[in-house]
There are 2 protein chains.
Amino acid sequence: MNITETEDLMRELGRVFLMAHRRIDRAMTACGASLARTKFLIYIARHEGHAHAAGIAELFDLAPRTVTEALDALERDGLITRQADPNDRRVKRLTITDEGYRAISATEPLRHELMDDICRYMTAEDKAGLIEGLRKMAAAME
Amino acid sequence: MNITETEDLMRELGRVFLMAHRRIDRAMTACGASLARTKFLIYIARHEGHAHAAGIAELFDLAPRTVTEALDALERDGLITRQADPNDRRVKRLTITDEGYRAISATEPLRHELMDDICRYMTAEDKAGLIEGLRKMAAAME
DNA sequence: GCCATATAATGAGGTTCCTCATGAATATAA
DNA sequence: TTATATTCATGAGGAACCTCATTATATGGC
């Protein structure tokens, strides 16, 4: 029935996402920076000099409070620094440290390797089909 | 290129899962019991009389500690009770209370409604294809 | 029967997310 | 120009996950 299929799909979606996320996150954490931290670092590196918390919250669809907290941890561990923005005294500018760059370069290749491994049984058409299906689900939620 | 497609797929998978999960979880929480709590309750209801923490950890692939903590919260809120098992004094038997049943019946229909809504643009073939693709990913991780 | 090993639950402590409330600074409108 | 609204970051507190260590109990090999 339709109901069962929907339920199977949702269950499978959760199961696969969680498996993949845990696998990648564990390996990366053991190697310098978790998935969550790495995505922040990459953003800050790309926006060199004018990255700020609100932009991260917006892009990754996170609550502002979540971002503040994650940045606290990154700053504590010496991967980023925060400075006051002279143009707008509400915002704090984020910059990545050498240690932060090291964390990115240590974990980036690993991340791709693991993603490729997870997708190793899939053809290009499989992937394209999957992406299309996922986009239909996303469309229903926007 | 292949690399980009893999990366797109993984990104889309995470985005869609998180969107769906948050949407369903928020609605259910507002209505009596979160997604995480409901799945525990359903398990306990189905295994009436001989549900225990290790079984939950096994089925949902969670760390035992996570289960203990979730059960603490369910017990605190009066949705379940824990009793010593006379046959094996290591285990605690779980039973669901009337309040627990109420939480399930309040949130179950809502959950299905939301899942159907999220899948509303997808045909049965779309869903089957998606499930198949997800299973290929799961297979690569087992 | 006794001991090594396995299993059940939990203590301690950490991460990544959330909501709701607050303080400070800026932008807008009357 | 003063009042109002918006935006930025964060305090307070909580949920759902994790690892590693610990205690109590069972169990299988000798």
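Protein chains get the first letters and strands the later ones, always in sequence-line order, with residue 1 at the start of each. Below, each value reflects all heavy atoms present in this structure, side chains not excepted, and no hydrogens, waters or symmetry copies.
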| message | Are B:Gln83 and B:Lys92 packed together at the side-chain level, in the sense that at least one heavy-atom pair is separated by less than 4.5 angstrom? | response | no
| Interface limits on DNA chain D, where chain A has a heavy atom under 4.0 Å of a nucleotide atom | D:dT7 to D:dT19
| note | Rounded to the nearest 0.5 angstrom, the CG-CG distance for A:Asp8 and B:Leu130 is 12.0 Å
| query | How is B:Asp88 classified with respect to the nucleic acid when contacts are heavy atoms under 4.0 Å: base, sugar-phosphate, or nothing? | reply | sugar-phosphate
| Which atom of A:Met122 lies closest to which atom of B:Gly133, heavy atoms considered | SD-O, 3.7 Å
| query | Is A:Arg135 salt-bridged to A:Glu132, cutoff N-O under 4.0 Å? | reply | no
| 5′-ward residue of the pair A:Asn87/A:Ala70 relative to DNA chain C | A:Ala70
| note | B:Glu69 CD to C:dT16 C1', in whole Å, measures 14 Å
| Heavy atom of residues 20-46 of chain B under 4.0 Å from DNA chain C: which residues? | B:Arg22, B:Arg26
| field | Considering all heavy atoms, the nearest B:Ala70-B:Phe40 contact | value | CB-CE2, 3.4 Å
| request: May I ask you to say what B:Ala63 touches in the nucleic acid, namely base, sugar-phosphate or nothing, with a heavy-atom cut-off under 4.0 Å? | output: base
| query | Do A:Lys136 and B:Glu125 meet the salt-bridge criterion of a basic N to acidic O distance under 4.0 Å? | reply | no
| said: Under a 3.5 Å cutoff, is there a donor and acceptor pairing between the side chains of A:Thr95 and A:Thr81? | reply: yes
| request: Look at the side chain of B:Arg90 and decide which nucleotide, out of C:dT15, C:dA25, C:dA6, has an atom nearest to it. | output: C:dA6
| query | Looking across every strand, which nucleic acid part, if any, lies under 4.0 Å from A:Leu71 by heavy atom: base, sugar-phosphate, or nothing? | reply | nothing
| message | Are B:Phe60 and A:Leu18 packed together at the side-chain level, in the sense that at least one heavy-atom pair is separated by less than 4.5 angstrom? | response | no
| query | Do the side chains of B:Arg90 and B:His52 get nearer than 4.5 Å, heavy atoms only? | reply | no
| message | Any base atoms under 4.0 Å from A:Asp85, or only sugar-phosphate, or nothing? Heavy atoms, all strands. | response | nothing
| Distance in angstrom units between B:Leu62 CG and C:dT10 C1', rounded | 16 Å
| task | Rounded to the nearest angstrom, tell me the gap between atom NE2 in A:His52 and atom P in C:dT26. | result | 15 Å
| remark: Closest to the 5' end of DNA chain D, once B:Thr66 and B:Asp77 are matched to their nearest nucleotides, is B:Asp77
| remark: When B:Ala73 and B:Arg65 are each assigned the nearest nucleotide of DNA chain D, the 5'-most assignment goes to B:Ala73
| query | Base, sugar-phosphate, or nothing: which does B:Arg82 touch, judged by heavy atoms less than 4.0 Å apart? | reply | sugar-phosphate
